[in-house]
Q: 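The structure is given below, and queries will be raised subsequently.
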There are 4 protein chains.
Amino acid sequence: MEGRKLPRRERDKLRQRREILTAALGLFAQKGYHNVSMHEVAGKSEFSIGTLYKFFPNKEELYRELVVEESDRFHSEMVRVLEGPGDELERLREYIRAKGEIFEGSVTFIRLFLAETWGPSLDGKGRPQEEVMKRRLDILDRLAAIFAEGVEKGRFRALGAPHHLAVALDSTINGFLLLGLGQEPFRYPEDPSLILDIFLKGLIKS
Amino acid sequence: MEGRKLPRRERDKLRQRREILTAALGLFAQKGYHNVSMHEVAGKSEFSIGTLYKFFPNKEELYRELVVEESDRFHSEMVRVLEGPGDELERLREYIRAKGEIFEGSVTFIRLFLAETWGPSLDGKGRPQEEVMKRRLDILDRLAAIFAEGVEKGRFRALGAPHHLAVALDSTINGFLLLGLGQEPFRYPEDPSLILDIFLKGLIKS
Amino acid sequence: MEGRKLPRRERDKLRQRREILTAALGLFAQKGYHNVSMHEVAGKSEFSIGTLYKFFPNKEELYRELVVEESDRFHSEMVRVLEGPGDELERLREYIRAKGEIFEGSVTFIRLFLAETWGPSLDGKGRPQEEVMKRRLDILDRLAAIFAEGVEKGRFRALGAPHHLAVALDSTINGFLLLGLGQEPFRYPEDPSLILDIFLKGLIKS
Amino acid sequence: MEGRKLPRRERDKLRQRREILTAALGLFAQKGYHNVSMHEVAGKSEFSIGTLYKFFPNKEELYRELVVEESDRFHSEMVRVLEGPGDELERLREYIRAKGEIFEGSVTFIRLFLAETWGPSLDGKGRPQEEVMKRRLDILDRLAAIFAEGVEKGRFRALGAPHHLAVALDSTINGFLLLGLGQEPFRYPEDPSLILDIFLKGLIKS
DNA sequence: GATGAATGAGGTTTCATTCAT
DNA sequence: AATGAATGAAACCTCATTCAT
């Protein structure tokens, strides 16, 4: 979609870049940033170390771009869902389902995502975290907007600040994602729409 | 209570050990395991490197013992609260309050705790995580028991497996703890007993 | 004979490897395994420490390969001589001469060889020694075979087990080699074929 | 004999010193100088590290004194035998027997002795070696004197410089000692007076 | 005097990054 | 342009030696 009009040279570059990032994603997710050497990334991606440094100025930046791009993919998908059709309840259900689906697709991604959301920063200065957090906050805002809308329309009870409701819901989802981490392929421990109704029960006006 | 009767030599040893762990806790929590050198721990704790190795056979073990001891302090406190007096609802409220209180006391601890709960393992083999996870699962079991008891007594609606309810509640709490991470001293974003009622609204039979 | 057809890259590698081993041989022979640091080997061989580790996984292995290769060179030469033409007596004389000659070429090698034959093991577990000892025992067996052959042909008196005669002869040679250690270049203290006749006088039937 | 008249304080000191050296002998002989820590010597000798340093200014000196004293014990015994009664042949036989006997008594000692005779020096500067070598040369001189005497008296053939005959005999003995190293307790591989007659056969005038 | 806790220099090894080919 | 051999800073860890108690 994006690359159609690029000259072949550019397209190749992008493809190579993506291959490197894909290899790196697997390694970083499995072993953590500090237990993966550039040598390993070079080996798995089947590029030379020199080539890696053509694409990324250093290891940290490679990692940062990886995290940011994965975050972006995730974020766009979530935004798409949250802006989708359907009433408030339907969109929340869809969010829960879609978030699970993405994680189903790649447990590797969960690990990376969690590491970045919760783990210590790479170097005590924490730059990729900020990028991830910015996107997470955007999602939380959109969730909050849905809650606010629901309240306004009289469909939800006004049970606290919409932002806090968003935090509560999203954290609960994350908890269940973590529960499923051991298994491969990942699955929610139960039907998510059932399980997470629990969370909503108190909200919905009878 | 514990150390009164130990000979002075032993008490000194324990005190020194604690000083090392305290220094290490600060550094590890702030910068993460791989960004802290033994040299730094020696500097901050004001012991020599050699002395660190008298107390801990290697860096990983120093970290592991640190994590396990902090985990234990946290776990005991949570168990105390969950086994405390009061009906099911009171004990849950107390749990929420106490968990927040411990984190208030030391934001450093939150970082360590989260890193261990969610972060990548130290070496891709993940040992201290297991110890932490064991304790978390024990807490979840105890929370689940409270939910089960509440349901049995007819005070809670039977809204899903008690274990899943426990996961949902605890994850929500963690979400709010994370929200408060930036601030120092830490505080729940709102009165926790109000905020978290949200979560419980659906459960409690009107 | 061996390297003619190798691609240049491979030849370079082998040459570098040999340069490292040569530098290491000098140092280890002069100061002993434990008094030589990798830093020193790097310095003397004019490679960086990192490069040493490209060729050898660790210091012990560098040493082991050094010892084994030197042992091999020595062993092959001795086998060549012992399987050479000539009657029993001529081959023994040739062995004595050739052993002396090799040592003449490199006093450094004597030191290494003796250290491995007689010295304490590197780590109390003694692995390179075994390789060296295996080769020494092979030589002793070949010497013994010559003695046995001489006895069988009626040229030597049957003065004890051939293996013991071999031990006696070889030890005597070693004794003279040690005598010459101080000097550079090394020389047998006297004409070896004269000196060592002493040893054989009792054996040869008048 | 030496300590009878010393005040008790002095006697105690000497006894302690000896206990340290005995413990150290065992360790050094088994593992080699560089694989034994002062901590280990302290542990095995049941003295504190501080006490070790009261007796010896540093590790190297402890080792050196150990080697020199063991060398002395050995040297005196050999001198006693070589200056003993009997004709030249009897004294040589007695030397062979006695050297074997000492080694029988302590394989640990063989290891130390061989390490010092043949091994690399401790620090590339090789001081204890010189002490040992001095004593070995003295023994060789005394052996040579016996050979010279035998020749002079017309009992031995004049088969080369007496010193070289001494080297040849002593090296042969060492060779057999090494052969027996694996076993515990040590024994010559055969009756030494038989085996080593081989060496002398050529010398003795029929 | 005896002790052993404390020190820190120095050892081995790893790995991000550079640059000649 | 691509490669990967070479580099060396910096990490972990040991242990001979000192010195306060």
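Not measured: the values here are computed from a predicted model. The figures here come from the full heavy-atom set of this structure, side chains too, leaving out hydrogens, waters and symmetry mates. Convention: sequence-line order gives letters A, B, ...; per-chain numbering from 1.
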Q: Considering just the side-chain nitrogens and oxygens of Thr51(B), establish if one lies under 4.0 Å of OP1 or OP2 belonging to dA5(E).
A: no

Q: Whole-Å distance between dA6(F) P and Phe56(C) CZ?
A: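 After rounding, the reported distance stands at 13 Å.
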
Q: Output the single nucleotide from dT17(E), dA11(F), dT13(E) whose closest atom is nearest the side chain of Asn58(C).
A: dT13(E)

Q: Using modelled atom types only, decide if a donor and an acceptor are shared between the side chain of Thr22(A) and the backbone of Arg18(A) within a distance under 3.5 Å.
A: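 Yes; judged by distance alone, with no hydrogens or angles, the pair exists.
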
Q: Mapping Gly50(C) and Gly50(A) to their closest nucleotides on DNA chain F, which lands nearer the 5' end?
A: Gly50(A)

Q: Is the shortest side-chain N/O distance from Ser48(A) to OP1 or OP2 of dA2(F) below 4.0 Å?
A: no

Q: Can you tell me how far CG of Leu27(B) sits from OH of Tyr63(B), rounded to the nearest 0.5 angstrom?
A: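 Between Tyr63(B) OH and Leu27(B) CG, I get 12.5 Å after rounding to 0.5 Å.
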
Q: Rounded to whole angstroms, how far apart are CZ on Arg17(B) and C1' on dA6(E)?
A: 18 Å

Q: Less than 4.5 Å apart, side chain to side chain, heavy atoms only: is that true for Arg17(D) and Glu65(D)?
A: yes

Q: Would you kindly give the CD-to-C1' distance between Glu46(D) and dA2(E), to the nearest whole Å?
A: 16 Å

Q: Whole Å only: how far is the NE2 atom of His39(A) from the P atom of dA5(F)?
A: 9 Å

Q: Using side chain to side chain contact (heavy atoms under 4.5 Å, CB included), reason through Phe56(A) and Arg64(A) one step at a time and then give a plain yes or no.
A: CA-CA 10 Å; Phe56(A) 307 95; Arg64(A) 204 189 63 77; over 6 Å; no

Q: Check every strand shown and say whether Phe47(C) touches a base, only sugar-phosphate, or nothing at a heavy-atom separation below 4.0 Å.
A: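 Sugar-phosphate only.
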
Q: Would Lys13(D) count as a cation-pi partner of Phe55(D), with NZ or CZ less than 6.0 Å from the six-membered ring centre and within 45° of the ring normal?
A: yes

Q: Using the side-chain heavy atoms of Tyr53(D), tell me which of these nucleotides is nearest: dT18(F), dA2(F), dT14(E).
A: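 Nearest to the side-chain atoms of Tyr53(D), counting from C-beta on, is dT18(F).
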
Q: Any base atoms under 4.0 Å from Val41(B), or only sugar-phosphate, or nothing? Heavy atoms, all strands.
A: nothing

Q: Quick one: Ile49(B) CD1 to dA6(E) P, roughly how many Å, whole number?
A: 15 Å

Q: What stem regions, each of at least 3 consecutive Watson-Crick or G-U pairs below 3.5 Å, can be found for DNA chain F?
A: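 Only these stems qualify: E:2-21 with F:2-21.
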
Q: Taking the cut-offs as 6.0 angstrom to the six-membered ring centre and 45 degrees off its axis, would you call Lys59(B) and Tyr33(B) a cation-pi pair?
A: yes

Q: At less than 4.0 Å, is any side-chain N or O atom of Gln16(B) found next to OP1 or OP2 of dA5(E)? Yes or no.
A: no

Q: Roughly, in whole Å, what's the span from OH in Tyr63(B) to P in dC12(F)?
A: 14 Å

Q: Measuring from the side chain of Lys13(A) (C-beta onward, heavy atoms only), which nucleotide among dA16(F), dA2(F), dT17(E) has the closest atom?
A: dA2(F)

Q: Rounded to the Å, how far apart are Met38(D) CE and dT3(E) C1'?
A: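 The distance from CE of Met38(D) to C1' of dT3(E) comes to 14 Å, rounded to the nearest Å.
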
Q: Tell me the interatomic distance from Glu40(A), atom CD, to dT14(E), atom P, rounded to whole angstroms.
A: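 The distance from CD of Glu40(A) to P of dT14(E) comes to 13 Å, rounded to the nearest Å.
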
Q: Between Lys54(D) and Ser37(C), which is nearer to the 5' end of DNA chain E once each is assigned its nearest nucleotide?
A: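 Per heavy-atom nearest nucleotide, the more 5' residue is Lys54(D).
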
Q: Is there a donor-acceptor pair closer than 3.5 Å between any side-chain N or O of Glu69(B) and the backbone N or O of Leu66(B)?
A: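 Looks like no, no N/O pair under 3.5 Å.
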
Q: Please determine whether a side-chain nitrogen of the Lys or Arg among Lys44(A) and Glu40(A) lies less than 4.0 Å from a carboxylate oxygen of the Asp or Glu.
A: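 No.
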
